[in-house]
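Just below is one structure, and these are the notes that go with it.
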Amino acid sequence: GLEGVDAWSLIGMCLSVVMTFYTSSDSYIRCFSAKSRHAATVGTLLAAVLIVSIGGSVCIMGLGVRLLFPELGDGANAFITVIMKLFPSGVKGLMLVVLLAAIMSTACSCILTASANITRDIYQRFINPHAPDRRIVWLSILVGVISALVAWYIGDIIGLLFMAFTINSASLFLPTLGAYFWKRSTERAAFWSIALSLATVLTWYLGRECLPGVALFSIDPVWPGLALSAVLFFSLSLTGKADEGVSE
């Protein structure tokens, strides 16, 4: 392993980051908003190139911080440490504002996505189809308040981000691709693979916190979640009715 991180956890972390971009709603919103299919394709390819360059830059910065400040314990503070230790006062303030804006933008996208999923996709679709807009707004506010409390309680932005990446990649990756590219995929298969994979990932995280000595929970949560998602999605799709196909 690499400082306590075994190879499978490192591979799982990389896969989670890559696969989550195939399931994030903001990516699809930008594609759907493009003026043409060509613009959506070119924009997506350019975004992929930029993301790779950004990832490489972050790695280089992390290695540099490791050499300059070996006493730094938490790698999540590397960027803040560079700003506070190396940048002049004026640029330091500007960079902190830029960092805060990036965090707020990401948090806003995540909360809006969670709010839309809970209020529209679950509550209004399955529980109360005739719910008034006022109730939907208040439910959205409640989602935001709960999200803020969770963030305040955990306090680790990087940890929360990787947890979200793990959930997206393990639970949503295969059903999302299947909906677009596999005619045999079904809504029933997608629903159960997403639901039970999500429950598995959350169980793994809970087990890590409550039962740290159990070897089973030392496995990166993305692997059991992704394995269960694959088994359920493909088996239920192959045994389901053809007219249930999501991609049709």
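Owing to the predicted nature of the structure, the values given are computational and were not obtained by experimental measurement.
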* Structure fact -> CG of Leu232 to OG of Ser237, rounded to nearest 0.5 Å, is 10.0 Å

* Asked: Does Leu67 belong to the same Ile/Leu/Val/Met/Phe/Trp/Tyr cluster as Val82, with side-chain heavy atoms less than 4.5 Å apart forming each link?
  -> no

* Checking Ser193 side chain against Phe233 main chain: does a donor-acceptor pair fall under 3.5 Å? -> no

* Asked: Does Leu226 offer a backbone N or O that forms a donor-acceptor pair with the side chain of Ser229 under 3.5 Å?
  -> no

* Which value, rounded to the nearest 0.5 Å, describes the distance between Leu142 atom CG and Thr119 atom OG1? -> 11.0 Å

* To do: Would you please test Leu96 and Ile83 for side-chain contact (heavy atoms from CB on, under 4.5 Å) and show each step?
  => CA-CA 8 Å; Leu96 289 176; Ile83 294 175; 4.1 Å; yes

* Asked: Atom CD in Glu187, atom OG in Ser185: separation rounded to 0.5 Å?
  -> 9.5 Å

* Could you walk me through whether Asn117 and Ile122 pass the side-chain contact (heavy atoms from CB on, under 4.5 Å) test, one step at a time? => CA-CA 6 Å; Asn117 289 338; Ile122 298 177; 5.5 Å; no

* Asked: Restricting to pairs with a member in residues 197-208, which pass side-chain hydrogen bond (donor to acceptor under 3.5 Å, both in side chains), not counting sequence neighbours?
  -> Thr166-Tyr205, Ser171-Ser197

* Asked: Of all heavy-atom pairs between Ala131 and Ile136, which one has the smallest distance, and what is that distance?
  -> CB-CD1, 4.1 Å

* Where is the tightest heavy-atom contact between Val201 and Gly225, given as atom of each residue plus distance? -> CG2-CA, 4.0 Å

* Asked: Do Leu174 and Tyr180 sit in the same hydrophobic cluster, where Ile, Leu, Val, Met, Phe, Trp and Tyr count as joined when their side-chain heavy atoms come under 4.5 Å apart?
  -> yes

* Tell me, do Thr20 and Ile167 make a side-chain contact under 4.5 Å, heavy atoms counted? -> no

* Could you note down all residue pairs passing side-chain hydrogen bond (donor to acceptor under 3.5 Å, both in side chains) where residues 139-149 supplies at least one of them, sequence neighbours left out? => Ser115-Ser140

* Structure fact -> Nearest heavy-atom contact between Leu238 and Trp182 is CD2-CZ2, 3.7 Å

* To do: Begin with the C-alpha distance, continue with both residues' side-chain angles, and end with the deciding distance and a verdict on side-chain contact (heavy atoms from CB on, under 4.5 Å) for Met95 and Phe79.
  => CA-CA 10 Å; Met95 291 301 297; Phe79 190 41; 3.8 Å; yes

* Side chains of Leu99 and Ile80: closer than 4.5 Å at any heavy-atom pair? -> yes

* To do: Could I get the full list of side chain to side chain contact (heavy atoms under 4.5 Å, CB included) partners for Val49, not counting sequence neighbours?
  => none

* Asked: Are Phe217 and Trp223 joined in one hydrophobic group, where the rule is that I, L, V, M, F, W and Y side chains link up if heavy atoms are under 4.5 Å apart?
  -> yes

* To do: Assess whether side-chain contact (heavy atoms from CB on, under 4.5 Å) is satisfied between Thr44 and Cys31, documenting all intermediate values.
  => CA-CA 8 Å; Thr44 301; Cys31 288; 3.5 Å; yes

* Are any non-hydrogen side-chain atoms of Leu206 and Leu211 less than 4.5 angstrom apart? -> no

* **Heavy-atom check, side chain of Phe234 versus side chain of Arg184, under 4.5 Å** => no

* Can you hop from Met61 to Phe87 via hydrophobic side chains spaced under 4.5 Å? -> yes

* Asked: Which pairs, with at least one residue in residues 83-96 and sequence neighbours excluded, count as a side-chain hydrogen bond (donor to acceptor under 3.5 Å, both in side chains)?
  -> none

* Hey, could you give me the CG/CG distance between Leu46 and Leu50, rounded to the nearest 0.5 Å? => 6.5 Å

* Asked: Which residues pass the ring-ring contact (aromatic ring centres under 6.0 Å, His included) test with Phe162, sequence neighbours left out?
  -> none

* Output all residues satisfying ring-ring contact (aromatic ring centres under 6.0 Å, His included) with Tyr22, sequence neighbours left out; order by chain, then residue number. => Phe173

* What's the spacing between Ile111 CD1 and Ile141 CD1 if we round to 0.5 Å? -> 12.0 Å

* Asked: What pair of heavy atoms forms the shortest contact from Leu196 to Leu228, and how long is it?
  -> O-CD2, 3.5 Å

* **Donor-acceptor contact below 3.5 Å, side chain Asn128 vs main chain Gln124** => no

* Roughly how far, to the nearest 0.5 Å, is OG1 of Thr23 from CZ of Phe165? -> 9.0 Å

* To do: Establish whether Ile146 and Leu198 are linked, either directly or via other cluster members, by ILVMFWY side-chain heavy-atom contacts under 4.5 Å.
  => no

* Asked: With side chains defined as the heavy atoms from C-beta onward, is the minimum distance between Tyr123 and Arg135 less than 4.5 Å?
  -> yes

